[in-house]
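Note: hydrogens, waters and symmetry copies are ignored here, and every other heavy atom, side chains too, is used.
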Amino acid sequence: MVTRRNNMKETGLVAKIAAIGCASVVAVGCFGYGLAAAGGSSSPFGGTASSAPAAEVLVSNVSDTSVGSVLSQPASRDITQGVQAVEAEKEAERIAAEQAALAEEQARIQAAEQALAKARTTDASSAMSQLAEVDWSCGKDAFISEWANRINNYLAGSPLAGQGETFATAAWENGVDPRWSPAISNTESTKGANCFLPHNAWGWGSTGWSSWEEAINAHVAGLAKGYGYTISYSNAQKYCPPNYDNWFRDTLREMSKI
């Protein structure tokens, strides 16, 4: 009886070992099958399985050389024609601006010379004979440079000192003798030292200004509009009726100093 019981125990042990072995074989087989399926040899459903993900297929179809070539090439486009067109447009604008400035300069020269010719035929002839003529044909830059220096020398040490360029530019733009307004400032206020209204160095109406620049431009433009090119007896009578003779003589003398 004891022997039979032992034989039964041994038989049960053997059976357990065999069962464990079978389970191991099945597990290994399943694992191997999974690896084979992942390798893409065949589908368990009879179809051919994909050998790799879609992204890997796309990348594998592009050679390493072509990828490197594309990545190494900078993005570029030909903009030469566009740059040339912009440069040509700017050059055309520059030339047009220069031509317009030249045309304006020639128009001012012509207007000033016409005013000068008219002054020679009026009662200003006696005054014109005592003054050196103004050269308008030299052009704007040369005109302003010359007369700015001469007027600055004349106004040195006065309240109007340093305003030579303002006087010269205003004279050019209005076509009047550049000496006229500075000389009147001496006759009327000793070059701005005795103004009856702010910045009014010319006894000019009843107006004051906020700066010399504003006042000079207003006075020179007023001379051009109301009196003409330069000093004359008739202009003296109009500008200073009570004392036009002395006014004419004193202002003409000052003009000759400039």
Engineer: How many angstroms lie between CG in Leu155 and NZ in Lys191, if you round to the nearest 0.5 Å?
Structural biologist: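 Going from CG on Leu155 over to NZ on Lys191, the span is 6.0 Å.
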Engineer: Do the side chains of His219 and Ile184 get nearer than 4.5 Å, heavy atoms only?
Structural biologist: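 Yes, their side chains come closer than 4.5 Å.
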Engineer: Got Phe248 and Gln237 here, is their nearest side-chain heavy-atom distance under 4.5 Å?
Structural biologist: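 Answer no - side chains too far apart.
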Engineer: If you take all heavy atoms of Arg179 and Ile258, which pair is closest and at what distance?
Structural biologist: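 In terms of heavy atoms, the two residues are closest at O-CD1, 3.6 Å.
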Engineer: Check whether any side-chain heavy atom of Val220 sits under 4.5 Å from a side-chain heavy atom of Val176, and report yes or no.
Structural biologist: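 The answer is yes, as the side chains (C-beta and beyond) meet within the 4.5 Å cut-off.
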Engineer: Check Lys90 with Glu93, please: is the shortest side-chain N to carboxylate O separation under 4.0 Å?
Structural biologist: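 No.
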Engineer: Over all heavy atoms of both residues, which pair between Glu188 and Trp247 is shortest? Give the atoms and the distance, please.
Structural biologist: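 Where Glu188 meets Trp247 most closely, the heavy atoms are OE2-NE1, 2.9 Å.
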Engineer: Would a distance-only check, ignoring hydrogens and angles, find a side-chain to backbone donor-acceptor pair under 3.5 Å from Asn174 to Ala170?
Structural biologist: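 Indeed, once roles are kept as given, a pair shorter than 3.5 Å links the two residues.
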Engineer: What closest approach, in Å, do Ala156 and Ala161 show between heavy atoms, and which atom pair accounts for it?
Structural biologist: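 For Ala156 versus Ala161, the nearest heavy atoms are CA-CB, 4.4 Å.
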Engineer: Atom CD in Glu91, atom CD in Gln84: separation rounded to 0.5 Å?
Structural biologist: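 Spacing of CD (Glu91) from CD (Gln84) equals 13.5 Å.
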Engineer: Can you name the side chain to side chain donor-acceptor pair (under 3.5 Å) partners of Lys257, sequence neighbours left out?
Structural biologist: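 Expected list: Glu254.
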Engineer: From Leu131 CG over to Leu252 CG, what is the distance, rounded to the nearest 0.5 angstrom?
Structural biologist: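 So the CG of Leu131 and the CG of Leu252 are separated by 5.0 Å.
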Engineer: I want to check something: taking the side chain as every heavy atom from C-beta on, are Leu223 and Trp180 in contact at a cut-off of under 4.5 Å?
Structural biologist: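 Heavy-atom side-chain distance check passes, below 4.5 Å.
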Engineer: How far apart are the closest heavy atoms of Ala201 and Trp212, and which atoms are they?
Structural biologist: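 Reported closest heavy-atom pair: CB-CZ3, 3.8 Å.
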Engineer: For a quick test of reading the model, state the closest non-hydrogen atom pair linking Asn149 to Ser145 and the distance between them.
Structural biologist: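 So the two residues come closest at ND2-O, 3.2 Å.
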Engineer: Does Asn153 form a side chain to side chain donor-acceptor pair (under 3.5 Å) with Arg150? I'd like the steps, not just the answer.
Structural biologist: CA-CA 5 Å; Asn153 290 335; Arg150 293 172 69 163; over 6 Å; no
Engineer: Let's go through Asp135 and Glu146 carefully: what are the C-alpha distance in whole Å and the side-chain angles of both, what is the deciding distance for side-chain contact (heavy atoms from CB on, under 4.5 Å) to 0.1 Å, and is it a yes or a no?
Structural biologist: CA-CA 10 Å; Asp135 180 14; Glu146 176 185 354; 5.6 Å; no
Engineer: Using side-chain heavy atoms (C-beta onward) and a distance below 4.5 Å, is Trp204 in contact with Tyr239?
Structural biologist: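 SC-SC contact between Trp204 and Tyr239 confirmed.
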Engineer: Quick one, Ile216 and Trp202 - any side-chain contact, counting heavy atoms below 4.5 Å?
Structural biologist: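 When only atoms from C-beta onward are counted, Trp202 and Ile216 do touch, with a gap below 4.5 Å.
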Engineer: Between atom CG of Leu160 and atom OH of Tyr154, what is the distance when rounded to the nearest 0.5 Å?
Structural biologist: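 That separation rounds to 10.0 Å.
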Engineer: Shortest non-hydrogen contact from Gly203 to Phe196?
Structural biologist: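 So the two residues come closest at CA-CE2, 3.5 Å.
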Engineer: Roughly how far, to the nearest 0.5 Å, is the CD atom of Gln163 from the OG1 atom of Thr169?
Structural biologist: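 Rounded to the nearest 0.5 Å, the OG1-CD separation comes to 10.5 Å.
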Engineer: With rounding to the nearest 0.5 angstrom, report the CG to OG distance, Asn200 to Ser185.
Structural biologist: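 The distance works out to 11.0 Å.
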Engineer: A quick test of your reading: do over 12 heavy atoms of other residues, nucleotides or ligands sit less than 6.0 Å from OH of Tyr227?
Structural biologist: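 Atom OH in Tyr227 is crowded, with more than 12 foreign heavy atoms closer than 6.0 Å.
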Engineer: Please test Phe167 against Asn152 for side-chain contact (heavy atoms from CB on, under 4.5 Å), starting from the C-alpha separation and ending with a verdict.
Structural biologist: CA-CA 9 Å; Phe167 277 107; Asn152 278 333; over 6 Å; no
Engineer: Under a 4.5 Å cut-off applied to non-hydrogen side-chain atoms, are Asn186 and Asp250 in contact?
Structural biologist: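 Side-chain contact under 4.5 Å: no.
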Engineer: Give a yes or no on whether Glu165 atom CD has more than 12 heavy-atom contacts from other residues, nucleotides or ligands under 6.0 Å away.
Structural biologist: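 Counting neighbours around CD of Glu165, 12 or fewer heavy atoms of other residues, nucleotides or ligands fall under 6.0 Å, so no.
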Engineer: Got Val134 and Phe143 here, is their nearest side-chain heavy-atom distance under 4.5 Å?
Structural biologist: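 Yes. Closest side-chain heavy atoms under 4.5 Å.
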Engineer: With Lys140, which residues qualify under side chain to side chain contact (heavy atoms under 4.5 Å, CB included), at least two apart?
Structural biologist: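 Side chain to side chain contact (heavy atoms under 4.5 Å, CB included) check on Lys140 returns Glu105, Ile144, Trp172.
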